[in-house]
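Right, one structure below, let's go through it.
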Amino acid sequence: MKSFLLLDKKPIIKWGQIPDGYFFEGDIPKGYSLAICPHFPYIILDVDMHGEVSGFDNLPMKVMEELGYHFSYPTKNNGRHYWLKYTGNKMLMNKASGLGIDLRTNKGYVRWYLDGDARKYMDQIKDTSPLLNKWLEKLFSNEDR
């Protein structure tokens with residue numbers, strides 16, 4: 001995992017070159033925000049609310065129930081970032097699903113909306129279940145199913 005500053009939703013440095021374990025520390029300057037990039041096996045499910053598209057409408061009931069037990073926080077547009085420890089065995093891709101649900105892996109990042117250092121929340125991130133793995137793999141893996 002690593003964190004870095006954003007200005008107008010864009011990284012102020014080449015974030016892909018930042019090594020895992022590097023964290024921005026201190027007060028976030030006015031006009032900036034903080035981004036977090038997870039590392040394997042951690043992933044972030046980004047459920048969006050944009051206009052007529054609600055990712056929540058595209059979450060199966062059983063998946064939504066399980067997500068309620070995982071560490072998460074609301075986003076600026078009433079969406080939610082769910083932090084998960086992936087226990088499946090397929091390679092998940094950092095991508096959008098087209099359903100208002102995006103997945104962020106070590107190849108992507110999300111904005112951090114909570115106060116304080118993200119590292120203090122790591123113990124709250126729970127393992128995914130076989131049900132959640134199957135659903136994630138259907139949406140975010142290109143491997144044979």
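Because the structure is a prediction, the values reported are computed rather than measured.
- For the residue pair Gly108 and Cys37, the shortest heavy atom distance occurs at O-SG, 3.2 Å.
- Here the shortest heavy-atom pairing between His81 and Tyr113 reads CE1-CE1, 3.9 Å.
- The NE2 atom of His39 lies 9.5 Å from the CG atom of Asn106; values are rounded to the nearest 0.5 Å.
- The shortest side-chain heavy-atom distance between Asp46 and Asp48 falls under the 4.5 Å cut-off.
- Evaluation of the ring-ring contact (aromatic ring centres under 6.0 Å, His included) rule for His70 yields no partner, not counting sequence neighbours.
- Legend: residues meeting side-chain hydrogen bond (donor to acceptor under 3.5 Å, both in side chains) with Tyr42, ordered by chain and number and at least two apart, are absent.
- Applying the side chain to side chain contact (heavy atoms under 4.5 Å, CB included) test to Ile12 and every residue at least two apart in sequence or in another chain returns Leu5, Leu7, Tyr32.
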Contacts table for residues 53-65: side-chain donor-acceptor under 3.5 angstrom, sequence neighbours left out:
| unit_1 | atom_1 | unit_2 | atom_2 | d |
| --- | --- | --- | --- | --- |
| Ser54 | OG | Phe56 | N | 3.3 |
| Asn58 | ND2 | Leu99 | O | 2.7 |

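- Among pairs with a residue in residues 116-132, those fulfilling side-chain hydrogen bond (donor to acceptor under 3.5 Å, both in side chains) read Glu25-Arg119, Glu66-Ser129, Thr87-Thr128, Asp117-Arg119, Thr128-Asn133, at least two apart in sequence or across chains.
- Residue pairs that meet the ring-ring contact (aromatic ring centres under 6.0 Å, His included) test with at least one member in residues 1-21, sequence neighbours left out, are Phe4-Trp15, Phe4-Tyr109, Trp15-Tyr109.
- Qualifying ring-ring contact (aromatic ring centres under 6.0 Å, His included) partners for His50, counting only residues two or more places apart in sequence or in other chains: none.
- Pairing each heavy atom of Arg80 with each of Tyr82, the nearest pair is CD-OH, 3.3 Å.
- For residues 94-106, the salt bridge (charged side-chain N to carboxylate O under 4.0 Å, His left out) pairs, not counting sequence neighbours, are Asp102-Arg104.
- Judged as a side chain to side chain contact (heavy atoms under 4.5 Å, CB included), and not counting sequence neighbours, Pro130 has no contacts.
- Looking at heavy atoms from C-beta onward, Phe40 lies out of side-chain contact with Thr105 at the 4.5 angstrom threshold.
- Between Leu92 and Leu136, the closest heavy-atom pair is CD2-O, 4.0 Å.
- Each of Leu132 and Tyr69 belongs to its own hydrophobic cluster when Ile, Leu, Val, Met, Phe, Trp and Tyr are linked at side-chain heavy-atom distances under 4.5 angstrom.
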